There are 2 protein chains.
Amino acid sequence: MKIDDRKYMILQAIIDDYIMTAVPVGSRTISRKSGVGFSPATIRNEMSDLEELGYLDQPHTSAGRIPSAKAYRLYVDQLMKHTELNEEDTRRIQEHLNKRTAQVEEVIRQAAMVLSDMTRYTAVVSGPTAKEITIKRLQLVPVTDSAALLIIVTSTGMLKEKLIPVPEGADADQLYGLSKLLTESMAGKSLSEAREQLGNFGTKLGQHRELMSSVIDVLDNQLDGDASTPLMVGGRSNLLSYPEYSDVEKARSFLAVLESREKLGTLLRGNGVEFTVRIGPEIDIPEFADCSVVTASYHIGKDTTGTMGIIGPTRMDYARVMSVLNYMGKAISDLLSGDRE
Amino acid sequence: MKIDDRKYMILQAIIDDYIMTAVPVGSRTISRKSGVGFSPATIRNEMSDLEELGYLDQPHTSAGRIPSAKAYRLYVDQLMKHTELNEEDTRRIQEHLNKRTAQVEEVIRQAAMVLSDMTRYTAVVSGPTAKEITIKRLQLVPVTDSAALLIIVTSTGMLKEKLIPVPEGADADQLYGLSKLLTESMAGKSLSEAREQLGNFGTKLGQHRELMSSVIDVLDNQLDGDASTPLMVGGRSNLLSYPEYSDVEKARSFLAVLESREKLGTLLRGNGVEFTVRIGPEIDIPEFADCSVVTASYHIGKDTTGTMGIIGPTRMDYARVMSVLNYMGKAISDLLSGDRE
DNA sequence: TGTTAGCACTCTCACGAGTCGAGTGCTAAC
DNA sequence: GTTAGCACTCGACTCGTGAGAGTGCTAACA
């Protein structure tokens, strides 16, 4: 069976209506719509075809039809009209991001909040991670007699810091000297190169061996970037407004997934692609079987990227979500790049 | 009307039962309990009295009774048996906290997760804040040509750091020199004293005026400690398992409150008291009218404290919650103090 | 005087029957 | 190819009924 223009048109009308109402769409509803010049009976025939083709489902005989995951896929790929974000919304984003907080965590949190507020879905934003980080500077700042803060400044301007033990009695100037030494030998190296070099370096330094092993620990930890990347979620409660989640048990298990950093991580893993739309079963988390996830990336410099995701019901307003994400991606990129360059 | 021992006993039995089942308790149920030697009829008379005294409510004529907020208050203050945490649970806490992460944020997050897991309620944990912070050291670490990280090391070993702009071309050694200068003149001062002094100091330094005003900005920001304290929530989804939240709208507005840092802050504000129990209407957040909040403090050194809170239904298992919080308070105090001394 | 058995009463909850309405599929006519 | 007509289906809602749990009251008992 061929799928002709009229079928596309009807399918689009059904999806548009269902996105708005969440109520199965009947033939009369479509027929009444302006621009459709056919009677309910004709629509019914087409709908029957579309069902056979797998684009529509019927909850029960005497209800209307609802779009299948396959239909949403088609919708996102072909039918949907991409729009630009209107001026009011862009202003709103700028307003919320313009507080020069400079701290990545804070920006990420703000972004998650604004995204969820504007879409009325749930938003997840991850902090930036670099593919190829090289070290620019290592510095030790004394904190107590026996502990110092190790700060790693990277080529991308990103920072990692961690408290590590140092030999008692080391004073600020000594630590500064050591920092200079470390910086000189480490500058320009990637984290893993640095880690290796530090192994040799440490044995030479003798007395500082303990210190070095602490530094290595930190590097190891940072190499496993996932665990240390900030991850902010906004609008957890939003989804509960939709009839899809009128069942508390469903809502509960949905929220439980949001509490797992690990699962959120897989959700955001964007394969480096700029935009990703995953619909219902395409996400391999059973609790999200009737959710869709749209992700987008933002960039700082050449090779530092972060990901933002919007989680909503499969019948989400894809066009709006994508335009919001698109604009937000640029906004965050600008904001964070500006601070670091 | 006097409230005698038997009334206390019956009230306790009713509360204990209701905490377990969330179902209105009838006279027969109490009568059947071992240790109660009275017929349902006698119990009924006592229950009728307790209702008149305001300790029991009746959802409708032919249902059992449920404890009122007043009853829970009495329960917490007098009736409840305080218990020690059993060995298995203490081991579990130690296990989860023992990963020497050293980073406050991570410890706080872990604590929130363990607390919520162990109680099956929702947990909120705030980072430590000091009443009387004095500055021990200020240090600038170059990050890019025109930005540096300002690190404030305080008397309590706590750290605040923030990225600030610096004049272009300032190299690492210059910044280190400046750091030494700043540290010398600021050491031992409180944040607000430092802020004031910096005003004068800055005008003298001429060329560094801009830099100084950035430093002042940071201090101002840190003085308003609330905004910068980390705040972690665990087990958001837990409460949805309870019949109290079988209504989605209720669940939604509950979760919405959890998304507001501000409201969470007021929830935790413990007035410096070691333990706080607030029951239903005693919390002045309408969405929490049938919740209770139990908070406890942990301590680092003499004057640095943080707060942990458990949010559950009013019929929560207060005895368990308090014993878990009690132990966790000690555990966190030990963990964080150990790292910093 | 305190305790208990007995009993009528109340109210919720679960169940089933009946009705309504939205929507379908099919057929026949245009 | 399109449409009107019609019988049919199925969920949502309403109403009535009966069971069950629990109460309050009264009268009897120790």
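Reminder, nothing fancy here: chain letters follow the sequence lines and each chain counts from 1. None of these values were measured; they are calculated from a predicted model.
Heavy-atom contacts from other residues, nucleotides or ligands closer than 6.0 Å to CZ of A/R92 number more than 12. Summarising the local packing, CD of B/E87 is surrounded by 12 or fewer heavy atoms from other residues, nucleotides or ligands at distances under 6.0 Å.
Checked by atom type and distance alone, the side chain of B/S27 never pairs as donor or acceptor with a backbone atom of B/I43 at under 3.5 Å. The main-chain N or O of B/V25 is never found under 3.5 Å from a side-chain atom of B/T29 such that the two would form a donor-acceptor pair. The backbone N or O of B/A296 lies less than 3.5 Å from no partner atom in the side chain of B/E274, so there is not a single donor-acceptor pair. A donor-acceptor pair under 3.5 Å links the side-chain atoms of A/K70 to the main chain of A/L53, judged by distance alone. Between the side chain of B/Q58 and the main chain of B/G64, no donor-acceptor pair closer than 3.5 Å is present.
Near DNA chain D, defined here as any heavy-atom distance below 4.0 Å, there are no residues from residues 242-251 of chain B. Of the residues in residues 14-22 of chain A, none has a non-hydrogen atom less than 4.0 angstrom from any atom of DNA chain C. Heavy-atom distances under 4.0 Å link DNA chain C to A/Q58, A/T61, A/S62, A/A63, A/G64, A/R65 of residues 57-68 of chain A, given in residue order.
Distance CE (A/M47) to P (C/dG23): 9 Å, rounded to an integer number of Å. C/dA22 atom C1' lies 11 Å from atom CZ of A/R32, rounded to whole Å. When the P atom of D/dG24 is taken as reference, atom CG of B/D49 falls 10 Å away, rounded to whole Å. In this structure, the CG atom of A/D4 is 11 Å from the P atom of D/dG1, given to the nearest Å. With rounding to whole Å, A/I30 atom CD1 is found 15 Å from C/dA22 atom C1'. Computed from coordinates, the A/K7 NZ to D/dG1 C1' distance equals 12 Å when rounded to whole Å.
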Point to revise | Protein-to-nucleotide contact annotation, 5' to 3' order, nucleotides 1-7 of chain C [B base; S sugar-phosphate only; - none; under 4.0 Å, heavy atom] | key: --SBBB-
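For B/D247, the side-chain contact (heavy atoms from CB on, under 4.5 Å) partners are B/E249, B/K250, not counting sequence neighbours. Partners of A/Y327 according to the side-chain hydrogen bond (donor to acceptor under 3.5 Å, both in side chains) rule, which considers only residues two or more places apart in sequence or in another chain, are A/Q94. In this structure B/N326 satisfies the side-chain hydrogen bond (donor to acceptor under 3.5 Å, both in side chains) test with no other residue, sequence neighbours excluded. Partners of B/S116 under the side-chain hydrogen bond (donor to acceptor under 3.5 Å, both in side chains) rule, at least two apart in sequence or in another chain, do not exist in this structure.
Annotation for B/V294 and B/M322: closest pair CG1-CG, 4.0 Å, computed over non-hydrogen atoms. A/H96 and A/V114 get closest at one heavy-atom pair: CB-CG2, 3.3 Å.
Applying the ring pair (Phe, Tyr, Trp, His ring centres under 6.0 Å) rule to pairs touching residues 36-79 of chain B yields nothing, sequence neighbours excluded. Applying the side-chain hydrogen bond (donor to acceptor under 3.5 Å, both in side chains) test to every pair with at least one member in residues 311-324 of chain A, sequence neighbours left out, gives these pairs: A/D89-A/R320, A/E244-A/R315, A/S292-A/Y318.
For B/D57 and B/R65, the salt-bridge test fails: no basic side-chain N is under 4.0 Å from an acidic carboxylate O.
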Do any N or O atoms of the protein come closer than 3.5 Å to N or O atoms of nucleotides 28-30 of chain C, and which pairs are they?
none

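Counting only Watson-Crick and G-U wobble pairs whose two distances sit under 3.5 Å, DNA chain C takes part in these stems of three or more pairs: C:1-30 with D:1-30.
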Exercise for review: Decide side chain to side chain contact (heavy atoms under 4.5 Å, CB included) for B/R73 and B/E282; before the verdict, give the C-alpha distance in whole Å, the side-chain angles of both, and the deciding distance to 0.1 Å.
Suggested key: CA-CA 10 Å; B/R73 176 47 62 200; B/E282 297 171 18; 2.6 Å; yes
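Exactly one of B/I10, B/L11, B/I66 qualifies for a side-chain contact (heavy atoms from CB on, under 4.5 Å) with B/L56. That residue is B/L11.
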